[in-house]
Structures are given as C-alpha cells and as structure tokens.
J.: 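The structure follows.
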Amino acid sequence: MLTKLNTEIIYDINENNIERAAKVIRAGGLVAFPTETVYGLGANALLGQAALKIYAAKGRPSDNPLIIHLSKAEDAEKYCFTGEIFYKLASRFMPGPITIILPKRDIIPFEVTAGLDTVAVRVPSNKVANKLIEKAQVPIAAPSANLSGRPSPTCAQHVIDDMMGRVDMILAGEECEIGLESTVVSVKNDIVTILRPGKVTYEELKSVCPNTEIAPAVLEKFSGKPLSPGMKYKHYSPKANVIILEGDYDNIVAFLSDKDECGILCFDSDTELLKHKSALSIGSEESLDEQARKLFACLREFDKREDITTIYARMPSKNGLGLAVYNRLIRAAGFETLRV
Ligand code: TXA
Ligand code: MG
C-alpha cells in the first residue's frame, strides 16, 4: 500500500527553495522537477530504498531502469565506465537532451538499474534541474513524472494531476521547452545505438559518431529481447484507441467526414479537419519543434474526454526530430496505422 504523502507544491522557485528540495532528495525523499525535455520524478540515486519509492509512486514495472541525472558530464566517471565515445558525445551534446548508457560502477545500486549492470546517464540543461542536482550533491535518479502508462508531463499541472499525494515536493516551474523525453543511446564496441529518438537527432549523432544506428524497436513493433526494457511497454497510452492515418490529405478529409464522434490529431493548416468538434492541432506541419512540444499535452487533453473512444492522427514526418514524434505516436497507437 502506498502511504499518502502531504505534497508541497513550490511555485516560487528560488535558490532557497531549490536548496530545500535538494535536502529532501539527499534525505531519501521524492521531488518532481522541470527539465528541458519533460518533468522528472527524482530521488537520491545512491540510495536503493529511495529509488524503490519512485517505482511505487509511478506504478512502474520493477524491471524498467532509471536514468541518473548529473550536473556536469565530468562526474560521469564516478558512476560508470566512460571512454572516448562518451566524451565525444558529451562535449557536443551535454548538458542537453541526451542519455548515454554505459557499464555501471558498484556505487550505483541495482534498484536504480533494475538489476542491469549498465546505467543511463543524463546531464540536463534546464537551470532548475541542474541547480537541484548540484545542490543535492548526489546523482538524481529520475524517470518522467507521470503515472506509468500515461503521457509524460510537459507542464507543472500534468505533474500535479498525476503525482499529488505520491511525492514529497513538486517544483512547479515552466513548461518544458522540448516536450519529448531525451534521446537514449547505448555505446558498445564503438557503436552508438539509438534506443529512443529525441531532440538530439540521428543525423546529429552520425555527424559526431559515424557508427550510429537506430535500434529496430524504435520504428517497429517490439519482438524478442529488448535492448532497453522501456521498449517493450505500450507507452504513452491514452485511454482512447489511437490510429495513425496514411494517405492523401483529401482522402483523409473524406474518410473522417462522417466521424464526428472521434478525436482528430492534425496540423494547423488542416482547416477542413479542424472544423470537426473534437479536432486538436499539434502545431504547424513544418515545425517539428512545435509538434514535439505539444504532442503529450494533446494526448492528455483527449484523455479528459470520456466520450472519445477513437483518435485518428495524421502521420508525422520521420526526419530529424520528427522521428521522435513518430516514435511516441506510433507507440500510443500500439503500432496501428490505416491507409485511406
Ligand atoms: O528526458 C528524459 O530522459 C526524462 C527526464 C526526466 O530526464 N526521463 C525519462 O526517464 O524519460 P524514463 O524513465 O521515463 O525513461 C528512461 C528510458 C526507459 O525507456 C528505460 O528503459 C531506459 O531509458 N533505460 C534506463 N536505463 C537503462 C539501461 N541501463 N539500459 C537500457 N535502457 C535503459
Ligand atoms: Mg517515462
């Protein structure tokens, strides 16, 4: 049974309050905090018992490991075995929206890595996140601050909706500027493998490390043993059934013309589709940044509507940051696409 906590929400984020939050973390408590990608649910990564509280608060399967967050890349050496490729990636992309998986050192408890002998390391660029880690003086283990199976939180209200009574403190900061979780890569035998696409794109990684590949599970339905436990869960799953539509815009308009009761996820320029009463735009078709920023908020908006049982979504681009938007949407859809 989960004991109900008296969650303190902090709207006034200043040095003093970040220091208080850092103390809660150091002492083994749970603090939700903003990052540039999505909000995180943090605990002291050196205390196995604190990490276990994260799984309970989120209802997260115990075999899905956590990312440790550091305030600077140079600290990574204390917690894992780095190497040339790590420093190449770190000097280009850290601090920022990338997570690198490396063999762990003994100091990181197995509760954090869900029993794996590797650990995922990230250095957030968000000032509040970075300061919190610095003041905590310990690495912070943090998954996204949503209930397991819900879209990741991109603003403080999403965290409050999911985590009230489950954490000690919420740093209610600004909306996340990226809106999708970090790019997760593993580094093995000088090969960089993308396990989860994000703001740091395949093209950018390849320009730094030519030996970069995309794990098959990023684009296709998972089968066999996953490289990353997170790949096998039906993530970002809204209550309604999501179906991605492929085909001509005119065919899509015709297909949806009599589907007034369905949710529609489309782009700003889809004026015909936006006439439907349950249509939402994730932004301009050209702005992948905007689509990334708005996707999860749109999925949460549909979740509030009990009457919507099916959501039809326009197919996003698979280039650059589009690959990350596509990856989240195709998972929300349980890999269901329909050609019209
Ligand atoms: O942007 C982000 O990465 C956010 C913010 C809070 O930093 N965090 C986040 O954490 O998205 P989470 O737990 O929701 O996703 C972490 C992913 C999971 O898919 C997990 O399976 C994978 O990283 N992962 C973590 N450690 C791993 C490891 N040692 N080996 C393979 N995959 C790992
Ligand atoms: Mg997550």
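Every number for a ligand or one of its atoms is a count from 1 in the order of the listing.
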J.: Which of the listed options, G115, P143, A120, holds the heavy atom that is closest to atom 10 (O) of ligand 1?
T.: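 That would be P143.
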J.: Hydrogens and angles aside, do E204 and S207 bring a side-chain donor and acceptor to less than 3.5 Å of each other?
T.: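 Judged by distance alone, the side chains do not pair up.
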J.: If the cut-off is 4.0 Å to any non-hydrogen atom of N64, which atoms of ligand 1 fall inside it?
T.: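 With N64 as reference, the close atoms of ligand 1 come out as 18 (C), 20 (C), 21 (O).
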J.: Would you mind listing which atoms of ligand 1 come within a distance below 4.0 Å of any non-hydrogen atom of P65?
T.: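 So the atoms of ligand 1 that pass are 20 (C), 21 (O), 24 (N), 25 (C), 26 (N), 27 (C), 28 (C), 33 (C).
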J.: Is the positively charged end of K104 above the ring of F110, judged by distance under 6.0 angstrom from the centroid and angle within 45° of the axis?
T.: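 Judged by the rule, K104 and F110 form a cation-pi pair.
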J.: Would you mind listing which atoms of ligand 1 come within a distance below 4.0 Å of any non-hydrogen atom of S144?
T.: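 That gives atoms 8 (N), 9 (C), 10 (O), 12 (P), 14 (O) of ligand 1.
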J.: Closer than 4.0 Å to some heavy atom of G40 - which atoms of ligand 1 meet that?
T.: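 Every atom of ligand 1 under 4.0 Å from some heavy atom of G40: 6 (C).
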J.: Of all the atoms in ligand 1, which lie at a distance below 4.0 Å from a heavy atom belonging to I67?
T.: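 Per the distance check, 3 (O), 8 (N), 9 (C), 10 (O), 16 (C).
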J.: Is the shortest distance from a heavy atom of R60 to ligand 1 less than 4.0 Å?
T.: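 The answer is yes, since R60 has a heavy atom less than 4.0 Å from ligand 1.
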J.: Considering distance alone, does some N or O of Y39 sit under 3.5 Å from an N or O of ligand 1?
T.: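 No, Y39 has no N/O under 3.5 Å of an N/O on ligand 1.
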J.: Whether the S281 and D268 side chains hold a donor-acceptor pair (N or O, under 3.5 Å, no angle test) is what I'd like checked.
T.: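 D268 and S281 do have a side-chain donor-acceptor pair below 3.5 Å.
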J.: Indicate yes or no: does an N/O atom of E181 lie under 3.5 Å from an N/O atom of ligand 1?
T.: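 By distance alone, the answer is no.
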J.: Would you please say whether a donor-acceptor pair under 3.5 Å links the side chains of E77 and Y87?
T.: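 Side chains of E77 and Y87: pair found under 3.5 Å.
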J.: Should you measure from each heavy atom of L116, which atoms of ligand 1 turn up under 4.0 Å away?
T.: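 Answer, ordered by atom number: 28 (C), 29 (N), 30 (N).
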J.: What I want to check is whether the side chains of R328 and S152 have a donor and an acceptor closer together than 3.5 Å.
T.: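 Distance-only check fails for R328 and S152.
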J.: If I take every N, O or S atom of S144, is at least one of them less than 2.8 Å from the Mg ion (ligand 2)?
T.: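 Checking S144: at least one N, O or S atom is under 2.8 Å.
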J.: Using distance alone, decide if ligand 1 has a nitrogen or oxygen within less than 3.5 Å of any nitrogen or oxygen in K58.
T.: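 No, no N or O pair falls under 3.5 Å.
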J.: Check if I101 has a non-hydrogen atom at a distance under 4.0 Å from any atom of ligand 1.
T.: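 I101 counts as a contact of ligand 1 under the 4.0 Å cut-off.
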J.: Are D75 and K72 ion-paired here, with the side-chain N under 4.0 Å from a carboxylate O?
T.: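 Salt bridge: yes.
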J.: Side chain to side chain contact (heavy atoms under 4.5 Å, CB included) between T154 and Y39: does it pass, once the steps are laid out?
T.: CA-CA 6 Å; T154 56; Y39 271 74; over 6 Å; no
J.: Say whether S182 and T37, considering side chains only, have a donor N or O and an acceptor N or O under 3.5 Å apart.
T.: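 No - no donor-acceptor pair under 3.5 Å links their side chains.
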J.: Any nitrogen or oxygen of T35, side chain or backbone, less than 3.5 Å from one on ligand 1?
T.: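 Among all N and O atoms of T35, none is under 3.5 Å from an N or O of ligand 1.
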J.: Any luck finding a side-chain donor-acceptor pair between N16 and N14 under 3.5 Å?
T.: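 No, no side-chain donor-acceptor contact under 3.5 Å.
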J.: Does ligand 1 have a heavy atom under 4.0 Å from the side chain of T118, from its backbone, from both, or from neither?
T.: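 The answer is both.
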J.: Exactly one of K131, R20, K127 should register a salt bridge (charged side-chain N to carboxylate O under 4.0 Å, His left out) with E15. Which one does?
T.: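 Among K131, R20, K127, the one meeting salt bridge (charged side-chain N to carboxylate O under 4.0 Å, His left out) with E15 is K131.
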J.: Determine, for F86 and K88, whether the Lys NZ or Arg CZ falls below 6.0 Å from the six-membered ring centre while staying within 45 degrees of the axis.
T.: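 Judged by the rule, K88 and F86 form no cation-pi pair.
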J.: What atoms in ligand 1 come closer than 4.0 Å to a heavy atom of S182?
T.: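 Every atom of ligand 1 under 4.0 Å from some heavy atom of S182: 1 (O), 2 (C), 3 (O).
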J.: Against heavy atoms of H69, which atoms of ligand 1 measure under 4.0 Å?
T.: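 Heavy-atom distances to H69 below 4.0 Å select 5 (C), 6 (C), 7 (O).
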